[in-house]
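In what follows, a structure is listed as structure tokens, so that the remarks can point back to it.
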Amino acid sequence: MKGKSVTDLIRIDPALTTPVYRQIVQSIARNIDSGVLNKDDMLPSVNQIAAEFSLARGLCSRLTMS
């Protein structure tokens with residue numbers, strides 16, 4: 001994740017009916033598939049994601065269960 005900000009890695013579209021936590025998971029998966037994220041890259045923390053997108057930490061905690 002070097003040189004990449006949370007908003008570079010994750011896209012959230014509030015107009016979609018897809019739950020936000022799924023949009024986050026899908027964004028990360030796309031970045032892995034496209035080679036933006038590599039095997040040893042660290043992902044943003046729940047706290048970073050929650051702060052950047054003004055989300056509740058509880059919602060972001062669902063990411064670890066996905």
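Worth saying up front: this structure is predicted, and the values here are computed from it rather than measured. Residue numbers start at 1 and run along the sequence shown.
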Could you pull out all donor-acceptor pairs under 3.5 Å where a side-chain atom in residues 29-37 meets a protein atom, sequence neighbours excluded?
unit_1: Arg30; atom_1: NH2; unit_2: Ser27; atom_2: OG; d: 3.3
unit_1: Asn31; atom_1: ND2; unit_2: Leu9; atom_2: O; d: 2.6
unit_1: Asn31; atom_1: ND2; unit_2: Ser27; atom_2: O; d: 2.9
unit_1: Ser34; atom_1: OG; unit_2: Arg30; atom_2: O; d: 3.0
unit_1: Ser34; atom_1: OG; unit_2: Asn31; atom_2: O; d: 3.4

Report the C-alpha distance between Val6 and Phe53 in whole Å, list the side-chain angles of each, state the deciding distance to 0.1 Å, and finish with yes or no for side-chain contact (heavy atoms from CB on, under 4.5 Å).
CA-CA 9 Å; Val6 175; Phe53 294 104; 3.6 Å; yes
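Note that CD1 of Ile12 is 11.5 Å distant from CD of Gln26, once rounded to the nearest 0.5 Å. Note that CD of Gln23 and CD1 of Ile10 are 11.0 Å apart. Values are rounded to the nearest 0.5 Å.
No side-chain donor-acceptor contact under 3.5 Å links Glu52 to the backbone of Ile49. Listed for the Asp13 side chain is a donor-acceptor partner under 3.5 Å among the backbone atoms of Ala15.
Within the 4.5 Å cutoff, the side chain of Tyr21 has no heavy atoms near those of the Leu55 side chain.
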